[in-house]
Amino acid sequence: MKYWSQTFIPTLKESPADAEIASHKLLLRAGLVRKLGGGLYTFMPSGLRVLQKISQLCRDEIDREGGIELAMPFIHPVDNWVDGPRWSAAREIMYRVDHAGAGKGRSKEPEFVLGPTHEEVITPLVKSEITSYRDLPKNFYQIGTKFRNEIRPRYGLMRAREFVMKDAYSFDATDEGATESYHKMKRAYSAFFTRCGLKTIAVEADTGVMGGSFSHEFMVPAPVGDDDVVYSDAGYSANREKATSGLVPLGFQEAAPSGAVEEFATPGCVTIAALEAAPYSVPANQQFKTLVFMGDGKPFLVILRGCDEVEEAKLGSLGFQLWRQATPEEIEPVLGAKPGSLGAVKGTIKNPDALAGVFADHAIRLIGNGTTGANKDGFHLRHVNVDRDLAITKFSDFRRVREGEPCPKSGEPLKIARAIEVGHIFKLGTKYSEKFGAMYTDDKKQSHLMVMGCYGIGISRTLQAVIEQSNDADGIIWPWNVAPWQVLIVNMDPQDAAASDVAKKLALAAESAGADVLIDDRNERPGVKFKDADLIGLPLRLTVGGRGLKEGIIEMKWRTEKEVRKVPLAEAETIIADAVRSAAAKA
RNA sequence: CGGGCUGUAGCGUAGUCUGGUAGCGCGCUUGCAUGGGGUGCAAGAGGUCGUGAGUUCGAAUCUCACCAGCCCGACCA
């Protein structure tokens, strides 16, 4: 048991002005964290307890599925990253660590970086330690601090520069084995989030810089989330970056050409909207939108309907390491016109050989015959037929889905909701094992690449997500398993030996039933103590004081309920122990 | 990186337009009273007004630069 006066729980009446959302305010007001700088937080004693409890639940569930815990360094030699498959993409988010101390020649590149994740460390380790199929599969994990130079840290622990993460890495001999490892982790994740009292949904996700063949994100639905989840009642769910819709029906037949391509003058008309307006009156869904990107230094085109937006994450499927929108200066020499008059009609592109490809979204097939830029400033082309006139390297899905579009599984309207990403699992395949040469020998003396998966849980973000999902106007409502303490004993008369004795006796009873107990022995007014009790949100509150003791009772109240139950002193220990046991069993 | 807003005591803020003694609430300290939902009264302590330069007899206030934070966007494993 812990006495309030002997730990440190600095509660606040008011929230600091920079806290915007409920969970961030409550983290500060309940004394769980204090801010050092943007995205940098000190875990105060009670916050640390929650963090440790969540970590332990996570450890339990990963262990149950065969995870093996280890601890890798926070500081990585930069060579591990330079040698890996994503140095150019990842270097931007990594903190560099210069030499400590003076002297010694300094190289232009940093010698060390702070680890944002550990594929580049674990893969070489496994490469040198495991060479036989007999030692596979293995799934190594750790729980520790990660460092990422977030462009815009915000919402407290939600997006921080330094945060606590559980990261696991599986190594399998076969692809099927890797899929099985993936599903074990998926199971562990569901179990873990449930035990944290969190409602999560697993959605299909983009693999992004991580690479790999497929992935799921674990999302906590919340209006303050950073991600959009697209879902339908038929059970489809995906991150918006990844989500598709059944816009183009199966077996759709493109329209035949409606006439010869015809150039027409559109002076000063450089937007989709301008072309929609009179005198041109071309609906946006009949226009081809031509976007130019630079992929690893080479320009490429993306063609969409005028009414659609590009989902840049989907360009990841094209295989470029880095891509960005091209500048007007880069566009003109290649296409022959400035943005606003661009198109991809055969023969109009000034320097087609410079292009790394012309990639079209499936939905342009719905246009059939449409209007697009002529690659000549001030001119557009009409009667442009997808089949006849465009030289498409590859059709794929590049557009951002919209609410209400048909679900790709069922055709029902898709819905979109905000969510917080608390976990992400990837089936990586051989991207890293290939780059680092992580091979094993099978029973026929043949060498093969190991098949990998990687799995992350934002432990500190999970902590805040729990608060975001579970609070009311008075404060936090901790789920049983992650509460810093499960039982709060409010001693109304800490100066009174009898009351203090009873408080201690009740604490021992609750403890022996398996609860962590905090005793509020502060010499504060009752109102202060009750307000703080609600604010810090421990699940079960017991009130001991002179008034009740004269009656021969103590009071028992759940944080989730309004009702206060009077418990006769004689039965109190038994009733409390039962309450603790049944709460623990339900959690 | 672009747009907007804000920096005044540990926290929340007024004062800035119109330059002239830096104010209030919470918290903190001390005392008395009170004692079941942030109690009352009284007495205190606590400030480089984000930083630097400039204008001025005089700058929290006006000007410029910089820094930091927040929001929106971009970006984001």
Side-chain angles (χ1 to χ4, degrees), chain A residues 10-21 24-25 28-29 31 34-40 84-86 89-90 92-94 115-120 146-156 158-161 163 165 167 169 205-212 215-218 224 226-227 239 241-242 312-313 316 322-325 421-426 428 431-432 454-458 461 473-475 490-496 499 520 522-535 541 543-551 553-555 557 562 564 566:
Chain A
T11 57
L12 301 171
K13 271 190 186 177
E14 291 172 297
S15 357
D18 58 6
E20 184 79 4
I21 64 172
H24 188 193
K25 289 178 183 169
L28 292 162
R29 287 191 54 212
R34 285 294 183 261
K35 179 172 165 176
L36 173 63
L40 301 171
R86 55 173 169 169
E92 302 241 322
I93 61 151
M94 288 194 282
T117 175
H118 283 67
E119 284 80 2
E120 276 76 355
K146 296 284 181 279
F147 305 87
R148 295 183 190 179
N149 187 15
E150 290 288 350
I151 300 169
R152 180 144 88 93
R154 61 171 151 179
Y155 293 161
M158 212 64 105
R159 180 179 297 197
R161 292 200 161 103
F163 59 96
M165 185 179 187
D167 48 324
Y169 308 91
D206 187 75
T207 52
V209 179
M210 293 299 307
S215 101
H216 282 87
E217 285 171 339
F218 286 80
V224 299
D226 263 352
D227 291 87
N239 188 301
E241 292 180 348
K242 172 87 176 176
E312 287 201 28
L322 278 179
W323 63 90
R324 58 168 174 82
Q325 297 223 5
E421 177 190 345
V422 286
H424 202 159
I425 59 180
F426 298 84
L428 286 173
K431 176 175 175 177
Y432 293 84
C454 72
Y455 317 92
I457 288 176
R461 183 183 280 181
D474 295 315
V490 181
N491 184 355
M492 305 299 292
D493 299 292
Q495 313 291 20
D496 178 58
D520 185 356
R522 293 174 303 165
N523 199 12
E524 285 288 350
R525 310 229 353 142
V528 173
K529 295 186 154 200
F530 287 130
K531 283 287 183 191
D532 274 348
D534 288 341
L535 179 59
R541 187 183 87 193
T543 306
V544 177
R547 181 176 299 186
L549 293 182
K550 269 180 210 150
E551 264 183 74
I553 57 113
I554 59 111
E555 289 162 22
K557 180 185 174 298
K562 280 224 152 68
V564 178
K566 293 190 176 184

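So you know, we letter chains A, B, ... as the sequences are listed, proteins then strands, and number each from 1. Since the model is a prediction, treat every value here as computed from it, not as a measurement.
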>> What's the gap between B/G36 and B/C41 when it is taken at their C1' atoms, as a whole Å value?
In response: 22 Å
>> Under a 3.5 Å distance rule, please check whether A/Arg159 uses its side chain to pair with a backbone N or O of A/Pro153 as donor and acceptor.
In response: no
Expected rows: protein N/O vs nucleotides 67-73 of chain B N/O, under 3.5 Å:
| unit_1 | atom_1 | unit_2 | atom_2 | d |
| --- | --- | --- | --- | --- |
| B/G69 | O3' | A/Lys35 | NZ | 3.3 |
| B/C72 | OP2 | A/Arg152 | NH2 | 3.3 |
| B/C72 | OP2 | A/Arg154 | NH1 | 2.9 |

>> Considering every strand and a 4.0 Å limit on heavy-atom distances, what is the contact class for A/Pro10: base, sugar-phosphate, or nothing?
In response: nothing
> Rounding to the closest angstrom, what is the interatomic distance between B/C1 and B/U13 at atom C1'?
Replying inline: 33 Å
> To the nearest Å, how far apart are A/Asp227 CG and B/C75 C1'?
Replying inline: 13 Å
> How would you label the contact of A/Ser15 with the nucleic acid (heavy atoms, under 4.0 Å): base, sugar-phosphate, or nothing?
Replying inline: sugar-phosphate
> Roughly how far apart, to the nearest Å, are B/A22 and B/A9 at atom P?
Replying inline: 15 Å
> Is there side-chain contact between A/Arg161 and A/Asn149, with at least one heavy-atom pair below 4.5 Å?
Replying inline: yes
>> Using a strict threshold of under 4.0 Å (side-chain N to carboxylate O), is an ion pair present between A/Glu551 and A/Lys566?
In response: yes
>> Between B/G37 and A/Arg541, counting only base atoms on the nucleotide and side-chain atoms on the residue, is there a donor-acceptor pair under 3.5 Å?
In response: yes
> Quick one: side-chain hydrogen bond (donor to acceptor under 3.5 Å, both in side chains) partners of A/Glu92, sequence neighbours excluded?
Replying inline: none
Write down the protein N/O and nucleotide N/O pairs, taken from nucleotides 25-30 of chain B, whose separation is under 3.5 Å; answer none if there are no such pairs.
| unit_1 | atom_1 | unit_2 | atom_2 | d |
| --- | --- | --- | --- | --- |
| B/G25 | N2 | A/Glu14 | OE1 | 2.9 |
| B/C26 | O3' | A/Lys13 | NZ | 3.0 |
| B/G27 | OP1 | A/Lys13 | NZ | 3.3 |

> Touch check for A/Arg29, heavy atoms < 4.0 angstrom, all strands: base, sugar-phosphate only, or nothing?
Replying inline: base
>> Using atom C1' in both nucleotides, what's the gap between B/A43 and B/A59 to the nearest angstrom?
In response: 34 Å
> Mind checking the C1' distance from B/G46 to B/G19? Whole angstroms is fine.
Replying inline: 27 Å
> Is there a donor-acceptor pair closer than 3.5 Å between any side-chain N or O of A/Lys529 and the backbone N or O of A/Asp520?
Replying inline: yes
>> Could you check whether any side-chain N or O of A/Asn491 sits under 3.5 Å from a backbone N or O of A/Asp493, counting only pairs where one atom can act as donor and the other as acceptor?
In response: yes
>> A/Asp18 and side chain to side chain donor-acceptor pair (under 3.5 Å): which single residue from A/Lys25, A/Lys35, A/Arg154, A/His24 fits?
In response: A/Lys35
> Rounded to whole angstroms, how far apart are CZ on A/Arg525 and P on B/G40?
Replying inline: 8 Å
> Pick the nucleotide of RNA chain B nearest each of A/Leu535 and A/Ile93; which residue has the one closer to the 5' end?
Replying inline: A/Leu535
>> Taking only the P atom of each, what is the distance from B/C57 to B/C49 in whole angstrom?
In response: 22 Å
>> I need the CD-P distance between A/Glu217 and B/C76, as an integer number of Å.
In response: 13 Å
> Reckon A/Asp532 touches a base, only the sugar-phosphate, or nothing at all at heavy-atom distances under 4.0 Å?
Replying inline: base
>> Between the side chains of A/Glu119 and A/Arg86, is the shortest nitrogen-to-carboxylate-oxygen separation below 4.0 Å, so that they form an ion pair?
In response: yes
> With no angle test and no hydrogens, is the base of B/G35 tied to the side chain of A/Asp493 by a donor-acceptor pair under 3.5 Å?
Replying inline: no
>> Could you write out RNA chain B as dot-bracket? Rules: Watson-Crick or G-U wobble, both distances under 3.5 Å, brackets [ ] for crossings, | for pairs with another strand, dot for unpaired.
In response: (((((((..((((......[..)))).((((((.....)))))).....(((((..]....))))))))))))....
>> Holding to side-chain hydrogen bond (donor to acceptor under 3.5 Å, both in side chains), I want the full list of residues that pass it with A/His118, two or more places apart in sequence or in another chain.
In response: A/His76, A/Gln142, A/Lys146
> Contact class for A/Leu28 vs. all strands (heavy atom < 4.0 Å): base, sugar-phosphate, or nothing?
Replying inline: nothing
> Taking OP1 and OP2 of B/G36, is either one under 4.0 Å from a side-chain nitrogen or oxygen of A/Arg547?
Replying inline: yes
> Nearest-Å distance, CD (A/Glu150) to C1' (B/C76)?
Replying inline: 6 Å
> When you compare B/C26 with B/U39, how far apart are their P atoms, in angstrom units rounded to a whole number?
Replying inline: 9 Å
> Considering residues at least two apart in sequence or located in another chain, which fulfil the side-chain hydrogen bond (donor to acceptor under 3.5 Å, both in side chains) criterion with A/Arg541?
Replying inline: none
> When you compare B/A45 with B/U29, how far apart are their P atoms, in angstrom units rounded to a whole number?
Replying inline: 15 Å
